[in-house]
Colleague: 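Quick one: the structure is below, questions incoming.
What you see is a predicted model, and the numbers here were worked out from it, not measured in a lab.
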Amino acid sequence: MSIHSSVNQSGANMMLDGYLEALALVERLHRLLLDVIKDEFERVGILEINAVQALLLFNIGDNEVTAGELKTRGYYQGSNVSYNLKKLVDMGYMHHQRCEIDRRSVRVRLTPRGREIRDLISGLFARHAEGLIAKNVIDHGTLGDMSNTLRRMERYWTDQIRYIY
């Protein structure tokens with residue numbers, strides 16, 4: 001083995017280690033985000049809705065969307081989004097209406113009750129942003145760099161799905 005290939009292998013191993021650590025962090029951060037939302041709901045006495053459903057309401061915002069649009073935006077898995085949309089409609093957090101053009105498709109939008117949850121989550125995230133700055137956890141520039149890196153990783157994974165398989 002040449003010195004050059006040994007250096008390349010070492011660099012590849014370091015990259016793999018860093019990549020695996022980043023994957024584990026992304027997964028842990030998502031679970032922690034759900035726990036943070038769950039804790040906020042317990043604090044304010046909201047017990048009938050879970051954190052995944054709350055994020056769904058937050059991500060829909062003021063839009064009117066189909067389940068398919070939520071899936072293609074990458075927010076949710078197929079059966080997960082359909083189940084949670086049905087539950088949110090049943091609990092009165094969302095309106096649903098059959099699409100006039102494609103009767104198989106259902107469009108959903110938030111009810112006033114759903115907008116209250118969206119606003120609660122929005123306020124929670126605003127407090128977090130202020131806390132990150134106040135406690136010098138991360139600054140705007142570093143956060144922007146991190147977001148850009150995650151977007152590049154997202155594009156890479158999307159390309160792997162579209163073009164490799």
Side-chain angles (χ1 to χ4, degrees), residues 19-155 157-158 161:
Y19 180 63
L20 293 175
E21 181 180 8
L23 293 177
L25 280 167
V26 167
E27 188 177 355
R28 276 200 317 267
L29 285 170
H30 178 68
R31 282 195 309 268
L32 277 170
L33 173 62
L34 296 177
D35 286 344
V36 165
I37 293 169
K38 178 180 169 281
D39 287 350
E40 178 72 2
F41 279 4
E42 288 173 358
R43 187 182 67 75
V44 298
I46 297 173
L47 305 175
E48 68 182 7
I49 186 171
N50 67 40
V52 170
Q53 293 164 340
L55 278 177
L56 186 59
L57 295 172
F58 177 79
N59 286 321
I60 290 171
D62 291 326
N63 300 310
E64 184 174 293
V65 297
T66 66
E69 289 169 335
L70 290 169
K71 287 184 277 189
T72 57
R73 289 180 193 177
Y75 293 135
Y76 304 92
Q77 299 297 318
S79 61
N80 187 17
V81 72
S82 298
Y83 169 81
N84 282 310
L85 287 176
K86 182 181 179 340
K87 294 290 286 184
L88 289 166
V89 167
D90 291 347
M91 291 186 289
Y93 291 100
M94 299 182 78
H95 291 293
H96 74 289
Q97 176 178 341
R98 291 254 169 234
C99 184
E100 294 295 323
I101 298 167
D102 180 0
R103 301 298 292 165
R104 296 169 298 172
S105 181
V106 175
R107 300 197 64 76
V108 295
R109 70 183 186 284
L110 303 187
T111 63
R113 193 172 181 203
R115 286 192 295 276
E116 287 175 13
I117 297 296
R118 184 227 25 225
D119 293 345
L120 179 76
I121 298 299
S122 185
L124 174 67
F125 292 165
R127 287 194 315 274
H128 287 174
E130 291 169 5
L132 289 168
I133 292 167
K135 294 184 179 187
N136 292 319
V137 174
I138 194 167
D139 62 38
H140 184 266
T142 304
L143 190 60
D145 291 344
M146 184 174 64
S147 294
N148 288 334
T149 300
L150 290 170
R151 269 192 225 91
R152 288 194 310 272
M153 202 166 195
E154 178 184 35
R155 277 193 302 272
W157 286 349
T158 300
I161 293 166

Colleague: To the nearest 0.5 Å, tell me how far I46 CD1 sits from I37 CD1.
Modeller: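 The CD1 atom of I37 is 11.5 Å from CD1 of I46, to the nearest 0.5 Å.
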Colleague: Could you check whether any side-chain heavy atom of L110 comes within less than 4.5 Å of a side-chain heavy atom of L88, counting everything from C-beta outward?
Modeller: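 Sidechains of L88 and L110: no contact.
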Colleague: Could you go through the side-chain contact (heavy atoms from CB on, under 4.5 Å) check for E154 and L150 one step at a time?
Modeller: CA-CA 6 Å; E154 178 184 35; L150 290 170; over 6 Å; no
Colleague: Is the CD atom of E21 crowded by more than 12 outside heavy atoms at less than 6.0 Å?
Modeller: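 Not buried by this count: 12 neighbours or fewer within 6.0 Å.
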Colleague: Salt bridge or not for D90 and K86, using N-O below 4.0 Å?
Modeller: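 Salt bridge between D90 and K86, a charged N being under 4.0 Å from a carboxylate O: yes.
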Colleague: Please give me the minimum heavy-atom distance between R113 and G92, naming the atom from each residue.
Modeller: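 Nearest pair, atom of R113 first, then G92: CB-O, 3.7 Å.
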Colleague: Report the distance from atom NZ of K87 to atom CG of L85, rounding to the nearest 0.5 Å.
Modeller: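 Answer rounded to 0.5 Å: 12.5 Å.
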Colleague: Measuring from atom CZ of F41 to atom CG of L120, what distance do you get when rounded to the nearest 0.5 angstrom?
Modeller: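 These two atoms lie 5.5 Å from each other.
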Colleague: Without swapping roles, check the side chain of D39 against the backbone of V36 for a donor-acceptor pair under 3.5 Å.
Modeller: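 Checking the backbone N and O of V36 against the side chain of D39, no donor-acceptor pair under 3.5 Å is found.
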Colleague: Just one of M94, E69, E64 clears the side chain to side chain contact (heavy atoms under 4.5 Å, CB included) bar with V108, so which one?
Modeller: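 Among M94, E69, E64, the one that satisfies the side chain to side chain contact (heavy atoms under 4.5 Å, CB included) with V108 is M94.
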Colleague: Can you tell me how far CG of L57 sits from CD1 of I121, rounded to the nearest 0.5 angstrom?
Modeller: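 That separation rounds to 8.5 Å.
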Colleague: If you count the non-hydrogen atoms of other residues, nucleotides and ligands that lie under 6.0 Å from NE2 in H95, is the total more than 12?
Modeller: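 Yes, NE2 of H95 has more than 12 neighbouring heavy atoms, counting only those of other groups under 6.0 Å.
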Colleague: Suppose the criterion is side-chain hydrogen bond (donor to acceptor under 3.5 Å, both in side chains): which pairs have a residue in residues 122-136, not counting sequence neighbours?
Modeller: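 For residues 122-136: E40-R127.
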Colleague: Any side-chain heavy atom of L33 within less than 4.5 Å of one from L55?
Modeller: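 Of all side-chain heavy-atom pairs linking L55 with L33, at least one is under 4.5 Å.
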Colleague: Atom CG in D62, atom CZ in R115: separation rounded to 0.5 Å?
Modeller: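 D62 CG to R115 CZ: 7.0 Å, rounded to 0.5 Å.
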Colleague: How far does NE2 of H30 sit from CG of D35, to the nearest 0.5 angstrom?
Modeller: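 Separation between the atoms: 10.0 Å.
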Colleague: Looking at every non-hydrogen atom in both residues, tell me the closest pair between A51 and L34 and how far apart they are.
Modeller: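 So the minimum-distance heavy-atom pair works out to CB-O, 3.3 Å.
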Colleague: Just by distance, do the side chain of T111 and the backbone of Y93 share a donor-acceptor pair under 3.5 Å?
Modeller: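 Yes; at least one donor-acceptor contact below 3.5 Å.
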Colleague: Which atoms form the tightest heavy-atom contact between I138 and M146, and what is the distance?
Modeller: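 Looking at all heavy atoms of both residues, the shortest contact is CD1-CE, 4.1 Å.
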Colleague: If I compare all heavy atoms of V65 with all of N63, which pair ends up nearest, and what's the gap?
Modeller: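 That closest heavy-atom pairing would be CG1-CB, 3.9 Å.
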